[in-house]
Each structure stands twice: as C-alpha cells, then as structure tokens.
2 protein chains.
Amino acid sequence: MPRELSPAMEDYLLAIYRLESDDRRVTTGDIAQELGVSAASTTSMFKRLAQERLVVYREYGGVTLTEAGRASAIGLVRRHRLAERFLTDLLALPWDDVHRIADRLEHALPPEVIERFDGLLNHPRTCPHGHPIPDAQGELPERAMRPLSALAEGEEAVILQVEERDPELLRYFAERGLRPGRRVAVLDREPLEGALLVAVNGRPTLVSPRAAASVFVNGEVEA
Amino acid sequence: MPRELSPAMEDYLLAIYRLESDDRRVTTGDIAQELGVSAASTTSMFKRLAQERLVVYREYGGVTLTEAGRASAIGLVRRHRLAERFLTDLLALPWDDVHRIADRLEHALPPEVIERFDGLLNHPRTCPHGHPIPDAQGELPERAMRPLSALAEGEEAVILQVEERDPELLRYFAERGLRPGRRVAVLDREPLEGALLVAVNGRPTLVSPRAAASVFVNGEVEA
DNA sequence: AGAAGGATTTAGACTCGTCTAAAAACGTCC
DNA sequence: GGACGTTTTTAGACGAGTCTAAATCCTTCT
C-alpha cells in the first residue's frame, strides 16, 4: 500500500518511468539531466526511493522501478493526462499551457477528483497531445510509432502524438495543424538539414527537422 | 508584486485573515491553536511573513495583515471557495468532502484555472456552505449574521452559511436539510442545554447546541 | 595493466518548516 | 510593587530536498 509520496519523490519516479520506457537501467546522470537537479541530489533520492521499495538501486549502477514503483508512476501518468484533458476540454485552456499546469496539479489531485474527470470526459483514451491515458487498472496500450522525420518521400501516415513539453513547439504545431488524428504525407525531403515538405490536411507545409522529430505517426520503426 | 508564497505561508496567512475578521490583533497562540502547530513554529513564521511585508509583527504583540497580506489572503479565499463550488457543482462531490480537497487544491491552482472556474460556474457568489466568494478585485460583501442558537422562540430567519470544517457536522446538516437558503423558525428552546426545536422546510427538527452554533442566519446580532 | 577521464557518491552546508525544552517577557493579583 | 503563572521567544535539533566541492569508482584506451 503506497503511503503518501512527496511531490519530489513523485517527480523522480515519473522521470525514471519516462526514461525506462526508452532504454534499460536508468542512471543518476540521466535523471539529474531530466529533472535539472544535481547528480548528488539524484543519488540521495535514489536511496530514499530504494528504502521505500519503489526502485531497486545498485551503487554506480542506476535504478529500475519495482512493481510498486511502476504502479505509482503509471498512476501519476494517469493523473497528469486526465488533468490535461480536463484543462483543454472543459476549461478551454490552450494545449501549450496545460502540461505546465498539470505538472503542479498532479501532486494535489486526489483519486476522487481524477475518477470524476474520467467520467465527465467520457473515459478519454489520450491526452490532448495524443499520449495514451492508462486505465484505472494501470493498463496502457502499446502502440507502434515512429517520428515523422523517419518517413520516406511519398509516405503517408496519421499523427498519433506530439512532444508536449515545449510550449513554443506546441504553438507551432497548432498553427500548422499538426495534431493527433491528422493525416500527413511527405511530399519532399531536404537531404542536408532534414527539413520536410509535408501535406497536412492537403496543405503543403514546411516542417523543420526538430519539429519533425517531435511528431510521432503510426507504423513500425525500420529494423 | 507577490512572488510565489509557499503552501505553509499561505496557510498561516489564511489563518491570520480568518481570526482577524473576528477580533483585532492576532496572537501567536491563536494561530498555533488554529493550525495545530507549536507556538515556536508560529513565531518563526511570523518573522518570515513580516520580512515579506505580508504582516506587521510586534514582539509579544501578535500580527496584523498588511494590505499585501490581506490581498493574498483574500485571493486564497477566492481560490478555495471557487474550488469548492467546482467540486460540488461540476464534479458532484459531497459537500462534506470538498473543504478538505480544496485545502490541497488552493495551493496548486493557478489563476487561469480559477478564472475559468468562475466563468464556467457563472460567477457564483458563495461556496457550497454559503460563505461569500470574493470577486476578482478582492471585494467581499459584508453580511449581517447571527448563529441559529441566538434566535428567540418564535423567530424566523433564512440560513446564510454553515461551518464548513467538520465533515460529520456537514453530513448531519445535509440529512436535516439545514443548508444555505433554507427558511427556519424556532419552535421551542430547551433552556438548560440549549437544544432547539426548529422548523426546517416545515418539518420540525431537533438541533443540538453545537450544531445550532455552527449555522448562521440573516439578521443583526443583538447589542 | 595502468592511467586518464568521466560518472557517481560522499561530505558538508544551506533553507524551510517543524518540534521540544529552556529562557525571557508580560500581565495580573495581592 | 513584587511574585507567580501564562504566553512568547530563543536555542537547538531534525528531516526533506537541494547545492558545491572533494573523493571515489568505473571504463576505456593505449
């Protein structure tokens, strides 16, 4: 049974979860960078989380989430994404703002409120940026994705999700209609820098390399 | 311009505001009791608040809010009560629960969200327990009130607000229909203990002394 | 295999918010 | 006007979370 975690513990747990999804074994340096704290702080928090049996910590060897740690992290993800949905859909706040607000709210919203959001919003399956919302049991669908930047010339795909942490980028996406559900087709690739000419909603649109790496579409990554 | 206050500072500020409304000059002991902390903690927080120019602190003489301190406190009250309204009206959470939840939320809800609540709820004038919500300029209507326990036999009045911090009491009120807006008439007074027989919605209802002291109705307190 | 270089951990300090115990001030009562 | 009891403040400690600087460990390269 998870006694109340401090906001700081929750932030670390979430960062570990995020990075663990990508590769394996998360290091002190990874988390320090991800959270913008010193490596020393990260080490001491790793010890604290290990004491609470939320991670397994090996000196000089990073951490992995335990089942309890993963469950807490997934709960946090659910809170965060439902809060974002609430903020955009019911309060009509702009999608480039809600991530920041949800980062604060996720530490303060009790389960009752989260479950009411879920009901009121009709059990949404993704956050406003397209990221899937875990269900109340912590189940999260696996989705095959690749960055828009990986599409070959002439390929078509549907946007599944976009990187949500950079407000400027999100405003740029909104302007150009790059949002989850939209169909895109790569018309032309600029070989040197990697800029793309993409048809979004039929309209030809220039997409910078950084932006194209932050938009994810359906399909398997090439082996 | 009020830089971000810590949750603890906000709690103290709010407690000072609450007690200042009653009498004058709030003492260390008052706040220690109100917040359930030691007198020593209260002294050191008084110094911190004084340094931020939120209160005027005199050694051994308690504190009074400055204009900035009062403005912050009223902002907090607005956040808290709008959050309560939101929780009952939009999320359908029970009125005995929302005070506790709003106590956490009031430290995390940014102004954008509060103002959206206000709009979405159509600028409510009171919280679910009948307490007035300050407007965005911090204006708060003065209302003449007295406790139900002060009514003479045969008197009639309208419930304006009820004490909101005791969930058990609130469930008791809900059961008996004692809520803001209801008309009540004192049918009989029990002189020794102070129990009342009150007509609520036409139905005769026995009201304990403690409960009667926690329900406030319109009218001037006798001089 | 040893040394260089990078990552991690330890050591020590700081702030915030809390506590208990002791000291100081206040105010009241005779 | 002094003595006593209450209130407030001071002193000192602690935990959480952070930092910087120093020490230590790990890895890799020659």
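All chains are named by letter (A, B, ...) in the order of the sequence lines, taking the proteins before the strands, and each is independently numbered beginning at 1. Source: prediction; values computed, not measured.
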What is the separation between atom CD on Glu52(A) and atom P on dG15(D), rounded to the nearest whole Å?
14 Å
Close N or O pairs between protein and nucleotides 2-4 of chain D (under 3.5 Å):
none

Apply side-chain contact (heavy atoms from CB on, under 4.5 Å) to Glu20(B) and Leu65(B), showing your working.
CA-CA 8 Å; Glu20(B) 213 179 47; Leu65(B) 291 170; 3.5 Å; yes
Let me know the distance between CG of Leu35(B) and P of dT18(C), rounded to the nearest Å.
8 Å
Side chain to side chain contact (heavy atoms under 4.5 Å, CB included) filter on Ala136(A), not counting sequence neighbours, yields Arg78(A), Glu115(A)
All salt bridge (Lys or Arg N to Asp or Glu O under 4.0 Å) counterparts of Arg79(A), not counting sequence neighbours
Glu10(A)
Please name all residues satisfying salt bridge (Lys or Arg N to Asp or Glu O under 4.0 Å) with Arg58(B), sequence neighbours left out, ordered by chain then number.
none
Without decimals, in angstroms, what is the distance between Phe46(A) CZ and dT9(C) C1'?
12 Å
Mind calculating the distance between CD (Gln51(B)) and C1' (dT15(C)) to the nearest angstrom?
12 Å
Nearest-Å distance for atom pair CD1/C1', residues Ile31(B) and dT7(D)
15 Å
Would you tell me if any nitrogen or oxygen in the side chain of Tyr57(B) comes within less than 4.0 Å of OP1 or OP2 on dT8(D)?
no
Residue Thr28(A), side-chain atoms from C-beta onward, closest of dT8(C), dT18(D), dT8(D):
dT8(C)
Heavy atoms from C-beta onward define the side chain here; which of dG17(C), dT9(C), dG17(D) lies closest to that of Thr43(A)?
dT9(C)
Take the protein atom CE of Met45(B) and the nucleotide atom P of dT15(C), then report the distance between them rounded to whole Å.
15 Å
Quick one: is Ser6(B) getting a side-chain N or O under 4.0 Å of the dG17(C) phosphate, OP1 or OP2?
yes
Here the pair of heavy atoms bringing Ala8(A) nearest to Met45(A) is CB-CE, 3.8 Å
Of all the nucleotides listed (dT10(D), dT18(D), dT8(C)), which has the minimum atom distance to the side chain of Thr27(A)?
dT8(C)
Got a sec, which residues hit ring pair (Phe, Tyr, Trp, His ring centres under 6.0 Å) with His131(A), two or more places apart in sequence or on another chain?
none
Between dT9(D) and Lys47(B), is there an OP1 or OP2 to side-chain N/O distance shorter than 4.0 Å?
no
Starting at CD of Glu10(A) and ending at C1' of dA16(D), how long is that distance when rounded to a whole Å?
15 Å
Strictly by side chain to side chain donor-acceptor pair (under 3.5 Å), give each pair with a member in residues 39-49 of chain A just once, sequence neighbours left out.
Ser38(A)-Ser41(A)
Residues forming a side chain to side chain contact (heavy atoms under 4.5 Å, CB included) with Ser214(B), sequence neighbours excluded:
Glu163(B), Leu169(B), Phe173(B)
Mind listing the N/O atom pairs, protein and nucleotides 20-27 of chain C, below 3.5 Å?
residue	atom	partner	partner atom	Å
dA25(C)	O4'	Tyr60(B)	OH	3.3

Whole angstroms only, please: what is the CG-P distance between Asp30(B) and dT7(D)?
10 Å
Would you list the pairs meeting salt bridge (Lys or Arg N to Asp or Glu O under 4.0 Å) in which at least one residue belongs to residues 86-98 of chain A, sequence neighbours left out?
Arg85(A)-Asp89(A), Asp96(A)-Arg171(A), Asp97(A)-Arg100(A)
